[in-house]
Amino acid sequence: VKNEGPKLVPFFKATCVYFVLWLPTSSPSWFSALIKCLPIFCLWAFLLAHGINFLVSHRSASRILAGLIFSAVGDAFLIWQEQGYFIHGLLMFAITHILYSSAFGMKPLDLKAGLLMGLVSSSCYAFLYSYLSGPFTYLVAVYIALIGFMGWRAVAGVQLCNDLWTWTKLSACIGAMLFMVSDLTIALNKFCFPVPYSRFIIMATYYAAQMLIALSAVETRDEEDFRKRS
């Protein structure tokens, strides 16, 4: 915390600016897009502050940075979602989840966690299905499969029972779960019914998720211990 906390100060400040200004979504503009994306830009800077050599030598970190870049583009598209750019944003975040999944890796496999995430994802889609129509019927299915897979890979990395875990793995797991909560709230609010305080829930869980996933990219001595034990 002492090492990484100061590097996250700009992110916390940018997040506060977003919630304090709380610009209306009814009048999208490049300024509102900037304010919304600013915390993600700060997470770019957080990872870049560890050095280019760090990113080059740690593929997981570089993939998380790439995911954050696609996330910012997706955020910008969603500013204009009522003007027909929702699918564009959906595509950007789908790519983000692929990159995050790749960063988390396929070891350990943990099929039980995969089955659990599969059941959760299937249940979410089954609930949403009757509200979907047109291309969203399959686009949402693919998106849920991707974020469910990302959640599986994040959860699989935390092996509490075997004492094979690090704070970075736990950070990725919590971040992935919060990302799923954020996206599920978006889906419910857009396709099903109005969710009270939806925008606050969506953005608070989203920013927290991105911060935790960015933190999971930071290599520590604990991570080296994890490799030795596994």
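Given the structure is predicted, the values throughout are model-derived calculations rather than measurements.
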Compile the donor-acceptor pairs under 3.5 Å between side chains in residues 64-78 and protein atoms, sequence neighbours left out, one pair per line.
{"residue": "S71", "atom": "OG", "partner": "G67", "partner atom": "O", "Å": "2.9"}
{"residue": "S71", "atom": "OG", "partner": "T96", "partner atom": "OG1", "Å": "3.3"}
{"residue": "S71", "atom": "OG", "partner": "Q210", "partner atom": "NE2", "Å": "2.9"}
{"residue": "D75", "atom": "OD1", "partner": "Y206", "partner atom": "OH", "Å": "3.4"}
{"residue": "D75", "atom": "OD2", "partner": "Y206", "partner atom": "OH", "Å": "2.7"}

For residues 123-140, please give each side-chain donor-acceptor pair under 3.5 Å, one per line with the distance, not counting sequence neighbours.
{"residue": "S123", "atom": "OG", "partner": "L119", "partner atom": "O", "Å": "2.8"}
{"residue": "Y125", "atom": "OH", "partner": "T137", "partner atom": "O", "Å": "2.5"}
{"residue": "T137", "atom": "OG1", "partner": "G134", "partner atom": "O", "Å": "3.2"}

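The line from CG of L43 to SG of C37 is 11.5 Å long, rounded to the nearest 0.5 Å. Taking CG of L34 as the reference point, atom CZ of F41 lies at 6.5 Å (rounded to 0.5 Å). To the nearest 0.5 Å, atoms CH2 (W167) and CD1 (I174) are separated by 11.5 Å. From R63, atom CZ reaches atom OG of S101 across 11.0 Å, with rounding to the nearest 0.5 Å. Note that CG of L146 and CD1 of I95 are 10.0 Å apart. Values are rounded to the nearest 0.5 Å. Between the CE atom in M150 and the CZ atom in F104 there is a gap of 6.0 Å [rounded to 0.5 Å].
Among pairs with a residue in residues 6-35, those fulfilling salt bridge (Lys or Arg N to Asp or Glu O under 4.0 Å) read E4-K7, at least two apart in sequence or across chains. Within the structure, side-chain hydrogen bond (donor to acceptor under 3.5 Å, both in side chains) pairs that include any residue of residues 19-32 comprise S29-S32 (at least two apart or interchain). Note on residues 76-94: no pairs pass side-chain hydrogen bond (donor to acceptor under 3.5 Å, both in side chains), not counting sequence neighbours.
A continuous path of Ile, Leu, Val, Met, Phe, Trp and Tyr side chains, each step under 4.5 Å between heavy atoms, connects M106 with V155, placing both in one hydrophobic cluster. Under the 4.5 Å side-chain heavy-atom criterion for ILVMFWY residues, no single connected hydrophobic cluster contains both L91 and I87. Linking Ile, Leu, Val, Met, Phe, Trp and Tyr whenever their side-chain heavy atoms come within less than 4.5 Å leaves V120 and L188 in two separate clusters. With hydrophobic clusters built from ILVMFWY side chains whose heavy atoms lie under 4.5 angstrom apart, L99 does not share a cluster with F149. Connection of M211 to M177 is established within a shared hydrophobic cluster, with ILVMFWY side chains joined at heavy-atom distances below 4.5 Å, either directly or through further cluster members.
Minimum interatomic distance between A209 and G175 (heavy atoms only, all atoms of both residues): CB-O, 3.1 Å. Minimum heavy-atom separation, I35 to Y207: O-OH, 4.3 Å. Contact between T168 and S216 at its shortest, heavy atoms only, is O-CB, 3.2 Å. In terms of heavy-atom proximity, G151 sits nearest to A176 at CA-CB, 4.1 Å.
For R59, the CZ atom is loosely surrounded, since the number of other residues' heavy atoms within 6.0 Å does not exceed 12. Within 6.0 Å of OH on Y197 lie no more than 12 heavy atoms contributed by other residues, nucleotides or ligands. When the shell of 6.0 Å around CZ of F19 is examined, it contains more than 12 heavy atoms from other residues, nucleotides or ligands.
Side-chain atoms of W152 come within 3.5 Å of backbone N or O of L109 as a donor-acceptor pair. Of the possible polar contacts, none joining the S182 side chain to the L178 backbone as a donor-acceptor pair under 3.5 Å is found. For S171 (side chain) and L215 (main-chain N/O), no donor-acceptor pair under 3.5 Å exists by modelled atom type. For T185 (side chain) and S198 (main-chain N/O), no donor-acceptor pair under 3.5 Å exists by modelled atom type. No donor-acceptor distance shorter than 3.5 angstrom exists from the side chain of S121 to the backbone of G118, with no hydrogens or angles considered. For N189 (side chain) and V195 (main-chain N/O), a donor-acceptor pair under 3.5 Å exists by modelled atom type.
The side-chain heavy atoms of F93 and I186, taken from C-beta on, include no pair separated by under 4.5 Å. Proximity of Y143 to D183: side-chain heavy atoms (C-beta onward) are separated by under 4.5 Å at one or more points. The shortest side-chain heavy-atom distance between L23 and Y18 does not fall under the 4.5 Å cut-off. At least one side-chain heavy atom of M117 sits under 4.5 Å from a side-chain heavy atom of M180.
For P10, the side chain to side chain contact (heavy atoms under 4.5 Å, CB included) partners are C42, not counting sequence neighbours.
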